[in-house]
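Side chains included, hydrogens not; waters and symmetry mates left out as well; all remaining heavy atoms used.
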Amino acid sequence: MDIKTLSPKDLSDQWDDIRPFRDDEIPAAMQRIAADAVFPQIIEYIYGGKNIESRIQEFASYKTVSQFQIGFMFDAINSIISKTTDSFTYSGFENLKKGTGYLFVSNHRDILLDAALLQIALYNSGLDCSEITFGDNLMQPGIISDIGKANRMFKVVRSGSSKDFYRTSLQLSSYIRYVVNQRNTSVWIAQRNGRTKDGNDKTSHTVLKMFSLSGGRKLSENFSTLNIVPMAVSYEKETCITQKVRELFLTQDHPYIKEKGEDLRSIMEGILSPKGKVHIQICKPISQEELQVADSMDRNEALAYMASVIDARIYEGYKLFNTNYIAYDMLYNTFKFTDKYTSEEYKLFADTMHATLSRWTDNLLPLMNLYLKVYSNPVLNKLSV
């Protein structure tokens, strides 16, 4: 299958500092990655330690983005699926048209895997893979950035003065619109900056404002050309749950300050930790009729309305697992969903929660409430629609 990639004639230099690699930039990137001291460990994880040297030599020979994705990234993602999930399912892809660009606006639970798993689902469904947004905190020079940009990831700048933030937001908005409208290529973006820590997925108005910067002032026309498709990703076992609960606990009293290397540790934890069952749901696209409702509102009301429409689609698209239902009943002291799980599953969930939190602190009660909210909030949200 062909994978749509950038060529020099596709681009002006206005996006050079955020765009993914072009094919002509791949050979040098492959050499840098293959020479990195960490790379043999990555190869060993993916292929089980067999023929590591020859695998690295093959990797270093890739000349195009397509060769890199099909020859390496799909193997890597399928390896993660086979080693860390009980099942990976997806639905709704039959409603997408090959050759059409979509803007997938997704809830965000894992730094790397939410978008990576989408690529496997698209590829297996006979559809073109998407480009992927990636925070500038992760796009520092080095192996992570090289692998990301080779995998068609482009940079989202989240820092700077208000003037700089407007400039970079306009640049990002125009690039997304160019990719979707002119190259007919899809884009994955999270509904908010950073992962949802408490399981309560909400679309950020800031993200929607960014979308609108590069289009006309009439929101219905502006947004309709982006072909917005909400996407829901659901994990039976929440990735990086200890880190998320710890951050929720610490931010109750003061702003959270990340430790050095924390983002990389989160990526590795997300890759290596058990996830149970995982599901991706491609939701019903946002229609022209729904968008036209926003034209009669002021801008803030319209953005709030748009966010609520996307949120409702994502909530409808959740696949709830026994972990979600157990957490709800446990947190609210009910028996509402006892038909959704067994007593053995209930005990396993409780034991896992205690063991997970006990590794960090002896003061379990406040952390247990936060832990249970991570899993139970999707139930509350799905019930709301």
Side-chain angles (χ1 to χ4, degrees), residues 1-7 10 19-23 26 62 64-82 85 87-110 112-134 147-154 175-191 211 223-235 277-288 310 313-314 316-319:
M1 179 183 298
D2 292 333
I3 292 179
K4 298 177 186 177
T5 55
L6 298 172
S7 63
D10 283 328
R19 63 168 176 78
F21 285 143
R22 302 185 304 252
D23 281 348
I26 288 295
Y62 295 150
T64 67
V65 172
S66 178
Q67 287 178 359
F68 168 78
Q69 286 198 294
I70 295 173
F72 175 76
M73 279 308 300
F74 291 166
D75 281 349
I77 300 164
N78 280 318
S79 178
I80 294 168
I81 291 170
S82 66
T85 72
S87 67
F88 172 51
T89 56
Y90 42 87
S91 55
F93 290 82
E94 67 277 4
N95 298 318
L96 303 178
K97 295 179 181 178
K98 184 174 172 58
T100 298
Y102 299 96
L103 180 55
F104 297 114
V105 180
S106 171
N107 64 328
H108 192 22
R109 299 301 181 81
D110 186 87
L112 184 69
L113 292 181
D114 299 344
L117 293 171
L118 171 66
Q119 307 314 306
I120 293 294
L122 286 167
Y123 187 76
N124 289 348
S125 301
L127 298 163
D128 296 315
C129 295
S130 75
E131 292 196 8
I132 301 165
T133 57
F134 211 49
I147 290 175
K149 292 172 74 174
N151 196 40
R152 306 176 72 210
M153 293 178 173
F154 59 94
Y175 181 73
I176 290 172
R177 196 172 291 274
Y178 160 77
V179 172
V180 172
N181 291 166
Q182 296 188 40
R183 293 185 52 238
N184 298 316
T185 297
S186 296
V187 168
W188 178 94
I189 189 169
Q191 66 180 162
F211 293 162
F223 281 59
S224 65
T225 57
L226 290 173
N227 294 333
I228 295 174
V229 177
M231 171 185 137
V233 57
S234 306
Y235 294 88
K277 300 180 180 115
V278 184
H279 184 76
I280 285 178
Q281 178 67 45
I282 295 301
C283 308
K284 180 182 174 184
I286 306 298
S287 70
Q288 182 71 29
I310 293 171
R313 289 283 209 287
I314 290 172
E316 288 174 344
Y318 283 153
K319 186 174 182 64

Checklist entry - How are the rings of Phe74 and Tyr123 set relative to one another: parallel (under 30°), tilted (30 to 60°) or perpendicular (over 60°)? => result tilted
Checklist entry - What heavy-atom pair brings Ala232 and Cys283 nearest, and what distance separates the two atoms? => result N-SG, 4.1 Å
Checklist entry - If we only count heavy atoms from C-beta on, is the Asp75 to Gln69 side-chain gap below 4.5 Å? => result no
Checklist entry - At what distance, to the nearest 0.5 angstrom, does OG of Ser234 lie from CZ of Arg109? => result 7.0 Å
Checklist entry - For the side chain of Tyr62 and the backbone of Gly71, is there at least one donor-acceptor N/O pair under 3.5 Å apart? => result yes
Checklist entry - So do the side chains of Tyr178 and Thr185 get within less than 4.5 Å of each other, counting heavy atoms only? => result no
Checklist entry - Taking only residues two or more places apart in sequence, or in another chain, which ones meet Arg313 in a salt bridge (charged side-chain N to carboxylate O under 4.0 Å, His left out)? => result Glu290
Checklist entry - Between Ile286 and Ile310, is any pair of side-chain heavy atoms under 4.5 Å apart? => result yes
Checklist entry - Just by modelled atom types, is the Val233 backbone N or O under 3.5 Å from a matching donor or acceptor in the Asn107 side chain? => result yes
Item to check | Test side-chain contact (heavy atoms from CB on, under 4.5 Å) applied to Val65 and Ile26, step by step | outcome: CA-CA 7 Å; Val65 172; Ile26 288 295; 3.7 Å; yes
Checklist entry - CD1/Ile132 to NZ/Lys149 distance, rounded to the nearest 0.5 angstrom? => result 14.5 Å
Next on the checklist: Would Asn227 and Phe104 count as a side-chain contact (heavy atoms from CB on, under 4.5 Å) here? Give the steps.
Outcome noted: CA-CA 8 Å; Asn227 294 333; Phe104 297 114; over 6 Å; no
Checklist outcome for this item: dist Asp128:CG -> Gln119:CD (nearest 0.5 Å) comes out at 10.5 Å
Checklist entry - Within the side chain of Asn184, is there an N or O that forms a donor-acceptor pair under 3.5 Å with the backbone of Gly101? => result no
Item to check | salt bridge (Lys or Arg N to Asp or Glu O under 4.0 Å) evaluation trace for Glu131 with Arg19 | outcome: CA-CA 10 Å; Glu131 292 196 8; Arg19 63 168 176 78; over 6 Å; no
Next on the checklist: Assess, by modelled atom type and distance only, whether the side chains of Arg152 and Ser130 contain a donor and an acceptor separated by less than 3.5 Å.
Outcome noted: no
Checklist entry - Does Thr225 offer a backbone N or O that forms a donor-acceptor pair with the side chain of Asn181 under 3.5 Å? => result yes
Next on the checklist: Among residues at least two apart in sequence or on other chains, which ones pass ring pair (Phe, Tyr, Trp, His ring centres under 6.0 Å) with Tyr318?
Outcome noted: Tyr315
Checklist entry - Any chance the rings of Phe154 and Phe134 have centres within less than 6.0 Å? => result no
Item to check | Non-hydrogen side-chain atoms of Thr89 and Val278 separated by less than 4.5 Å | outcome: no
Checklist entry - Have His279 and Ser91 got a donor and an acceptor in their side chains that come within less than 3.5 Å? => result yes
Checklist entry - OH of Tyr175 to OG1 of Thr133: how many Å apart, nearest 0.5 Å? => result 11.5 Å
Checklist entry - Are any of the side-chain heavy atoms of Ile147 and Phe68 separated by less than 4.5 Å? => result yes
Checklist entry - Atom CG of Leu127 and atom OG of Ser186: how far apart are they, to the nearest 0.5 Å? => result 8.0 Å
Checklist entry - Do Met231 and Ile280 come within less than 4.5 Å of each other through their side chains, counting heavy atoms only? => result yes
Checklist entry - Does some side-chain heavy atom of Phe211 sit less than 4.5 Å from a side-chain heavy atom of Ile189? => result yes
Checklist entry - For the side chain of Asp110 and the backbone of Leu112, is there at least one donor-acceptor N/O pair under 3.5 Å apart? => result yes
Checklist entry - So Phe88 and Tyr90, would you call those rings parallel, tilted or perpendicular, with 30° and 60° as cut-offs? => result tilted
Checklist entry - So do the side chains of Asn95 and Ile282 get within less than 4.5 Å of each other, counting heavy atoms only? => result no
Checklist entry - Is the closest side-chain donor-acceptor distance between Asp114 and Tyr235 under 3.5 Å? => result yes
Item to check | side-chain contact (heavy atoms from CB on, under 4.5 Å) assessment of Val105 paired with Val229 | outcome: CA-CA 6 Å; Val105 180; Val229 177; over 6 Å; no
Item to check | Distance (rounded to the nearest 0.5 Å) between Ile77 CD1 and Ile120 CD1 | outcome: 4.5 Å
